[in-house]
Structure formats: structure tokens, C-alpha cells
Amino acid sequence: MKKLLYLSIIFYPLSLFSVEKTKEEKVAKYIIENIQKDYVACYSFYKVSAESFKRAGNEKKIIEGLEKSADVSLKFNHDLGEVLSFKPEVMAQTTKNQVEKFTKMAKNDFSALAKEYGLLCKNLIEDQKQRIDYWEKKGNQKIK
């Protein structure tokens with residue numbers, strides 16, 4: 001877990017209050033912002049999935065795994081939010097809104113939600129580097 005925070009410090013050496021000067025700094029900020037959004041989405045996905053599995057009476061071990069992944073996602077969400085100087089109240093409201101959105105999606109079509117976020121979130125939890133690389137590539141393409 002500390003690895004992602006360490007990378008964020010390496011990628012974004014200047015404080016958020018300073019003016020971005022280089023493309024690398026802009027890309028670093030882009031990476032951190034998008035990874036933080038990914039963690040909000042994954043926390044929401046795991047919480048909604050765990051609740052859905054509870055209601056369906058599925059195996060306790062699966063539910064525990066989903067809840068553990070939700071906890072990891074929430075921790076990274078808040079850690080990166082702090083790096084970005086987000087207020088806790090704003091982060092809490094953003095997360096609440098995302099959970100509500102995913103709850104509605106799950107009620108309509110849980111399999112579509114799982115298809116869209118399941119693998120993305122699994123990979124984010126297991127290997128943050130691949131997602132950092134993904135956002136770095138997109139940032140380098142977008143930011144000139």
C-alpha cells in the first residue's frame with residue numbers, strides 16, 4: 001500500500017499549491033487524480049458487490065474478500081485524496097454518490113456492473129503499477 005503513496009511522491013514532487021511547470025508534473029497530477037477516481041469506483045463496486053452477495057446468501061469467504069478489497073480501495077482513495085488536498089467531507093460525499101450510482105446500476109443489471117468494473121478493480125488492487133502505467137500513457141497522449 002505504501003508503494004502507491006511513494007510513487008505519488010516521486011511522480012509529483014511539488015506541492016499542489018505550486019504552479020505546474022513541466023509536462024511531467026502535469027502528467028503526474030493527471031495520474032494521481034485518475035487513480036484516486038479509480039479507487040472511489042472500486043470501493044463502490046466492492047461495497048455494492050459485497051452487499052449483493054450477502055443478500056443472495058453467498059459464501060461468507062467471498063463476501064469477506066470483497067469487503068477486504070473495499071477497505072483497501074477506501075484507504076488508497078483517502079490517501080490520494082489527501083495528497084490532492086481534498087477535504088474529507090468532499091471525499092465522503094463523492095464516495096457516497098458513487099455507491100448510490102453503483103447500487104442503482106446493480107439493481108438494473110449487476111452482471112453489466114461486474115463486467116465493467118470487476119477485472120479493472122481486481123487488477124487495481126493486485127497491481128497498482130499497471131493502472132499507473134495506463135494513466136501515464138493516457139496523460140502523455142492528452143497533455144502536450
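Computed from a prediction, not measured in an experiment: that's the story for all the values here.
Hydrophobic clustering (ILVMFWY, side-chain heavy atoms < 4.5 Å, transitive): Leu74 and Val40 are in distinct clusters. Note on Leu113: it does not cluster hydrophobically with Leu120, by side-chain heavy-atom contacts below 4.5 Å among ILVMFWY residues.
In terms of heavy-atom proximity, Lys122 sits nearest to Tyr46 at N-OH, 3.2 Å. Looking at every heavy atom in both residues, Met91 comes nearest to Asn77 through SD-O, 4.1 Å.
Gln128 places none of its side-chain heavy atoms less than 4.5 Å from the side chain of Ile35. Counting heavy atoms from C-beta on, the side chains of Glu24 and Val27 never come closer than 4.5 Å. Looking at heavy atoms from C-beta onward, Phe76 lies out of side-chain contact with Gln36 at the 4.5 angstrom threshold. Residues Tyr134 and Lys138 have side chains in contact (heavy-atom distance under 4.5 Å, counting atoms from C-beta outward). Side-chain contact between Tyr43 and Val99: present, with at least one pair of heavy atoms (C-beta onward) separated by less than 4.5 Å.
Salt bridge absent: Asp71 and Lys75 never bring a charged side-chain N and a carboxylate O closer than 4.0 Å.
The CG atom of Asn140 lies 4.5 Å from the NZ atom of Lys23; values are rounded to the nearest 0.5 Å.
Remark: aromatic rings of Tyr117 and Phe102 are close, center separation under 6.0 Å.
Taking Asp133 as the reference, Lys129 meet the salt bridge (charged side-chain N to carboxylate O under 4.0 Å, His left out) condition, with sequence neighbours excluded.
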Donor-acceptor contacts under 3.5 Å from residues 62-70 side chains, at least two apart:
{"unit_1": "Glu67", "atom_1": "OE2", "unit_2": "Lys54", "atom_2": "NZ", "d": "2.8"}
{"unit_1": "Ser69", "atom_1": "OG", "unit_2": "Gly65", "atom_2": "O", "d": "3.2"}

Audit row: Arg55, Glu51, salt bridge (charged side-chain N to carboxylate O under 4.0 Å, His left out) steps and yes/no:
CA-CA 6 Å; Arg55 289 183 182 173; Glu51 187 60 34; 3.3 Å; yes
